[in-house]
There are 2 protein chains.
Amino acid sequence: MGRMPTVDDVASAANVSRQTVSNVLNSPEIVRESTRERVQEAIDRLGYRPHASARRLRTRTSSTIGLRLDPLRDGISGAVLDRFVHKLAEQADARGLRVMIFTANGAEDELSHIKRLRDGSDIDAFVLIATFHGDPRISWLIEHEVPFVSFGRPWGSTTDDHRHRWVDVDGRAGVRDTVQHLRASGAQRVGYIGWPSPSGTGDERRAGWEEASGFDTADLERYQVVTLDGVDEGVRSARQLLAMDAAPDAIVCASDSLALGARMAADAAGHLDLPVVGFDNTPVAAAVGLSSIDQPLDEVVASALTLLFGPEGGIVRPNPDSNEEPTHRLLVPRLVERRSGHRALGEITGA
Amino acid sequence: MGRMPTVDDVASAANVSRQTVSNVLNSPEIVRESTRERVQEAIDRLGYRPHASARRLRTRTSSTIGLRLDPLRDGISGAVLDRFVHKLAEQADARGLRVMIFTANGAEDELSHIKRLRDGSDIDAFVLIATFHGDPRISWLIEHEVPFVSFGRPWGSTTDDHRHRWVDVDGRAGVRDTVQHLRASGAQRVGYIGWPSPSGTGDERRAGWEEASGFDTADLERYQVVTLDGVDEGVRSARQLLAMDAAPDAIVCASDSLALGARMAADAAGHLDLPVVGFDNTPVAAAVGLSSIDQPLDEVVASALTLLFGPEGGIVRPNPDSNEEPTHRLLVPRLVERRSGHRALGEITGA
DNA sequence: GTTCGCATTTTGATCGATCAAATTATTCGG
DNA sequence: CCGAATAATTTGATCGATCAAAATGCGAAC
């Protein structure tokens, strides 16, 4: 394999100067059409491709997004982030951006990675996932004016800092709509299985249930179970709810793991028609025919990139100035119903 | 944020020349100890980090691995590749390598991405996953002497081409060992649920079952079901097997999706103790307590990197010369048993 | 005390592109 | 047909590092 052609090679092949070749690539509108065609023809004929590192050295931008992969989760819910990663790669590509991934043990470790990648001019902007209360990454990035966007709203103090661009899914609205839908479909008492507080996302989802459940304070206590995530936990919690005097006739869960357990417990207890709804619409939910609240990841990713780079561009925008455009987006998830009309898990296990 | 320090800044701070600073970073052994310390101190004090693009421009290497993410799978099994991606990022990091991801629609599209990334000197080496029979990527990469390694053996003609470095998991041995183990534990007739031929991995797994099953030709036909992947398909296939006259008393499946379906069908039919084994040991298998054959992904990734870069280095090695060292590794998966002693799916649904 | 050899450090050139400014070509009004 | 204004193109410098080769220092041998 011979040496790769450079701008100079193309330039002499097309009888123009380097800069003109560069202009054809980067600002074609300022080059006369006849010249542009001639240069383009030379580019195609020689198979020229700009050397990414040389360009980056000069322009001081890398057109690369950094993304930290979270520690592997044993649960089912990890799949959401995998889908997110995939879609980010897809859409970044469409904008001519590259995605570089890395892993880290904890926020501190991640910060050192971020510094290294940032200082090496390897990466222009970062995408953060799984933000949490008092996240040190966020304050550091703001402090050092590193462009970033997070999937997950800022929990805590920096909520209204316009320098923090974020996208999130309104779990509260998603659960609220779902509960309303269930009640409109005839459910009298919608129970809830969720995670212990404080948990940013978990608390929001619970709040959605509380708003739409129609329960008084006492019943709000009775009709919810607080538990860690997991299938076993879902089984136990659902059993507990179904053993009540006026047992719930529908159950909403904070995750698909919990919902899967709840579904199994409900089926085992003979409640084949009891609606059970999970969250995240993971492959598992689809595989076993479980209703679930789906996060619109396409929109999440599109919004994240728009906040970072603007509607079209592929160039990093400076940190947003105070009160121009919104620096965040809150998207509404939608319920994917799978139970009615679909072969039910219960039809199988009970067959 | 002021301008980042460069080698020259460090050099004048430590009263040495640029090159000495460069040497401290890249060949510390040739710098006198006292000088090295002085320079190092200046590096630390100024917070200097080498500019990655500048270095790459000069050295013509990027220390970056390209990885294409497969199209999203709706099934449960996609999780294996996610774990692979994660572990690759982890181990690459430990070697000072970066991982860049991209997506593509089909092998042709992927090739054009590969060309672009390669020609832009963005990427030194590629990692391919999900290889298939007559994979055009492989021949192109070999042809153009682009370093690469695949997770997945070459199916078909190029099997013994030493220029193709690959790592794979010996599904045949994994299934064979599992079947032997089941028979040693008392199973008389081990059934098999797998995918239609031709399927590289699928055929290997079936072969493992055939070798260890102890069946004659006729029974080999009777005790296996051929079906596409999916939970529903697993349910149907298991029902079919369990309805036989001398029904199997253990079932091995080509995937966790199938196994989950089979488990559910077996439980529903009252065979709570019937061993069902899946493949891939996905989070779902762990969540519902399903036995599964686990791919040693840590070793897979470690082997892949070793084949590409050598035991320690972070520099791309030239394409392997003919018959020096092995250019592939075949790893043996191991069975993770979850049924015995573990709370069974049956205990719940049957409770 | 010179000289040779080795260890250590410095200097000049270069990687491939873009920026900023200078230069040349073209258009248009009068 | 000329000169100014604008369009198009070219030239010189530069981004930050490493390579290759030259220069310097230093101890041992003669």
Side-chain angles (χ1 to χ4, degrees), chain A residues 2-40 42-43 46-63 96 116-122 124 314-316, chain B residues 2-40 42-43 46-63 96 116 118-122 124 314-315:
Chain A
R3 187 176 122 281
M4 295 300 303
T6 72
V7 269
D8 286 302
D9 298 324
V10 176
S12 48
N15 264 314
V16 293
S17 68
R18 344 182 262 302
Q19 186 59 41
T20 300
V21 177
S22 173
N23 287 337
V24 169
L25 261 52
N26 300 306
S27 336
E29 70 281 0
I30 70 166
V31 179
R32 188 188 307 171
E33 185 169 337
S34 60
T35 313
R36 189 168 56 223
E37 283 167 3
R38 188 156 36 96
V39 171
Q40 188 61 53
I43 288 177
L46 299 181
Y48 165 78
R49 315 257 185 183
H51 191 290
S53 292
R55 167 178 286 171
R56 293 208 271 256
L57 171 59
R58 192 61 178 94
T59 62
R60 317 191 64 66
T61 70
S62 64
S63 301
R116 187 168 46 78
L117 292 168
R118 169 68 187 172
D119 294 348
S121 293
D122 256 329
D124 283 342
I315 302 170
V316 179
Chain B
R3 185 176 122 284
M4 295 300 304
T6 71
V7 268
D8 286 303
D9 298 324
V10 176
S12 49
N15 264 316
V16 293
S17 68
R18 331 184 272 301
Q19 187 60 39
T20 299
V21 176
S22 174
N23 288 336
V24 168
L25 261 51
N26 300 304
S27 334
E29 70 280 2
I30 70 166
V31 179
R32 188 189 307 171
E33 185 169 337
S34 60
T35 313
R36 188 168 58 224
E37 283 167 2
R38 187 155 38 95
V39 172
Q40 190 60 53
I43 288 176
L46 299 181
Y48 165 78
R49 315 258 184 183
H51 191 288
S53 293
R55 168 179 283 171
R56 293 205 271 251
L57 171 59
R58 192 64 180 93
T59 62
R60 316 192 65 65
T61 71
S62 63
S63 301
R116 186 168 46 78
R118 168 69 187 172
D119 293 349
S121 294
D122 256 330
D124 284 342
I315 303 171

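Lettering follows sequence order; numbering is per chain, from 1. All values below come from the heavy atoms of this structure, side chains included, with hydrogens, waters and symmetry mates left out.
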Margin query: Quiz question: by atom type and distance under 3.5 Å, do the side chains of B/S62 and B/D122 form a donor-acceptor pair?
Written below: no

Check: Say you draw a straight line from CG of B/N23 to CZ of B/R32; how long is it, rounded to the nearest 0.5 Å?
Finding: 13.5 Å

Checklist line | By salt bridge (Lys or Arg N to Asp or Glu O under 4.0 Å) - contacts of B/D9 (at least two apart) | finding: B/R3

Check: What distance do B/T61 atom OG1 and B/D124 atom CG have between them, rounded to the nearest 0.5 Å?
Finding: 5.0 Å

Next item on the list: Round to the nearest Å and state the distance from A/I30 atom CD1 to D/dT10 atom P.
Entry: 12 Å

Item checked: Between the first and last five pairs of the helix from C/dG1-D/dC30 to C/dG30-D/dC1, the angle of the axes, rounded to 10 degrees -> 50°

Check: Within the structure, does a side-chain N or O atom of B/T35 lie under 4.0 Å from either OP1 or OP2 of C/dT8?
Finding: no

Notebook entry, point to check: Could you state the interatomic distance from NE2 (B/H51) to CZ (B/R56), rounded to the nearest 0.5 Å?
Noted result: 9.0 Å

Margin query: Using whole Å, what does the distance between atom C1' of nucleotide D/dT10 and atom CG of A/N15 come to?
Written below: 13 Å

Check: Do B/L25 and B/V7 come within less than 4.5 Å of each other through their side chains, counting heavy atoms only?
Finding: no

Check: How many angstroms lie between CD in B/Q19 and CG in B/N26, if you round to the nearest 0.5 Å?
Finding: 8.5 Å

Checklist line | Interatomic distance, B/R38 CZ vs C/dT8 C1' [rounded to whole Å] | finding: 12 Å

Next item on the list: State the OG1-CG distance between A/T35 and A/N15, to the nearest 0.5 angstrom.
Entry: 11.0 Å

Next item on the list: Go along nucleotides 11-20 of chain C 5' to 3' and tag each nucleotide: B for a protein heavy atom under 4.0 Å from its base, S when only backbone or sugar atoms are that close, - otherwise.
Entry: BBBBBBBBBB

